[in-house]
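The chains referred to below are lettered A, B, ... by the order of the sequence lines, with proteins before strands, and numbering in each begins at 1. Since the structure is predicted, the reported quantities are computational estimates derived from the model, not experimental observations.
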Number of protein chains: 2
Amino acid sequence: MRLTRYTDYAMRVLLYLGREPERLCSIGEIAQAYGISQNHLMKVINDLVHAGFLASLRGRNGGIRLARPPAEINIGALVRHTEDDFDLVGCGSCIIAPACGLTSVLDEAMAGFMAVLDGYSLADVLARRPDFSHLLNPVAPREAVRS
Amino acid sequence: MRLTRYTDYAMRVLLYLGREPERLCSIGEIAQAYGISQNHLMKVINDLVHAGFLASLRGRNGGIRLARPPAEINIGALVRHTEDDFDLVGCGSCIIAPACGLTSVLDEAMAGFMAVLDGYSLADVLARRPDFSHLLNPVAPREAVRS
DNA sequence: ATAAAACATGTATCCTGATTGCATGTTTCT
DNA sequence: AGAAACATGCAATCAGGATACATGTTTTAT
């Protein structure tokens, strides 16, 4: 019973950016802070930008930030977007699926799962444990732009 | 978001046996009925026997059947047994896990998921859609023992 | 007793799909 | 013009589940 690392990374990005919703961060900074693959993270972030969770600014001194305030970003909606396969047990390949009483039960269980996530916003999650900055890898601040 | 095929197979076995709780079935018969790997199924069933979900009778004309009436077999308990990894997003490898507000939210969501499954017995599932026998592959009846 | 049926278990191989890395393009700022 | 940073596609890799194969053990029927 697992979500993909894709979803994992997406949530980490939102948590990171949610600490300072206004600041523009580069993808490299986030990858370094967590010590994870920048290439993979870039794809996840790209997807989140297209989906409207993040706003990106291209070009030099560009970066990404939350597209909306943390209180308006729903965790359930995020998971629904990043996790595309909700066919828990591959009913698609089971021959009794058309008349299987389990499918409705599993659907209901999944609904129960998502209902909990739908009940929380990024702001709620951040409020629970606001202080994780000290656990991140140290990141050199972006060089100041010469005036 | 998926459960393993291991869990999938375990549930199919219970559904199959639940139709006729008293009858002794061979593992080969069930594998053939669903058109799935007998080897893999054997391991799953073995596990279920040890866990007390099934009763097996070895030797010639042996087989397996439910260890208890369908009403006393809980779906949540089954999934809890066959699905051993409930670390949804690999928090074990995330550096901010000790101070991450997401872990408690995910735990709560998982509890919501399992709560639904805990609310159903095999009998409940069978009652929902009792007629799937015609979807199974035809299985040659075990040769009658010569008297 | 013996053979056959059926359960039991370990090892090794295969294979899917997520993950990652590499190469290259596009945009925007200085 | 050039550097920084986002954007995208493709190929290589890797982990873990799934499967096959080989063999052992138990029980029953004759």
Practice problem: For the residue pair A/S104 and A/D107, confirm or rule out a side-chain donor-acceptor distance under 3.5 Å. | Solution: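 The answer is no; no qualifying pair exists.
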
Let me know the distance between [atom1] of [X] and [atom2] of [N], rounded to the nearest Å.
X	N	atom1	atom2	result
A/N46	C/dT26	CG	C1'	12 Å
B/D47	C/dC7	CG	P	16 Å
B/I45	C/dA6	CD1	C1'	12 Å
A/Y6	C/dG17	OH	P	18 Å
B/R65	C/dC7	CZ	C1'	15 Å
B/D8	D/dT19	CG	P	10 Å
B/L54	C/dC7	CG	P	11 Å
B/M42	D/dA18	CE	P	17 Å

Where the side chain of [X] is concerned, which of [options] is the nearest nucleotide?
X	options	value
A/H40	C/dT19, D/dT19, C/dC7	C/dT19
B/K43	D/dA20, D/dA18, D/dT8	D/dA20
A/S26	C/dA8, D/dA7, D/dA5	D/dA5

Quiz item: Within the structure shown, what part of the strands sits under 4.0 Å from A/I27 by heavy-atom distance: base, sugar-phosphate, or nothing?
Solution: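 It contacts sugar-phosphate atoms only.
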
With a cut-off of less than 4.0 Å, is there a side-chain N or O of [X] near OP1 or OP2 of [N]?
X	N	answer
A/S56	D/dA7	yes
A/H50	D/dT8	yes
B/R5	D/dG16	no
A/Y9	C/dT20	yes

Quiz item: So with a 6.0 Å cut-off around CZ of A/R65, is the heavy-atom count from everything else above 12?
Solution: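 Not buried by this count: 12 neighbours or fewer within 6.0 Å.
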
Quiz prompt | side-chain contact (heavy atoms from CB on, under 4.5 Å) partner of A/L17, chosen from A/L48, A/I73, A/L54 | solution = A/L54

Quiz item: Between the main-chain N or O of B/T4 and the side-chain N or O of B/E83, is there a donor-acceptor pair closer than 3.5 Å?
Solution: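 Such a contact is found between B/E83 side chain and B/T4 backbone.
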
Between the protein and nucleotides 22-28 of chain D, are there any N/O to N/O pairs under 3.5 Å, and if so, what are the atom names and distances?
from	atom 1	to	atom 2	distance (Å)
D/dT25	O2	B/R58	NH2	3.1
D/dT26	O4'	B/R58	NH2	3.2

Quiz item: Hey, does the Lys NZ or Arg CZ of A/R19 hover above the aromatic six-ring of A/Y16, less than 6.0 Å from the centre and inside 45° of the axis?
Solution: yes

Quiz item: Closer to the 5' end of DNA chain C via nearest nucleotide, is it B/Q38 or A/S37?
Solution: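 Its nearest nucleotide lies further toward 5', so the answer is B/Q38.
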
Quiz item: Is A/L14 close to A/L78 at the side-chain level, that is, under 4.5 Å between some pair of heavy atoms?
Solution: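 Yes, side chains in contact.
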
Quiz item: Charged N to carboxylate O below 4.0 Å: is that the case for A/D8 and A/R12?
Solution: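 Salt bridge between A/D8 and A/R12, a charged N being under 4.0 Å from a carboxylate O: yes.
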
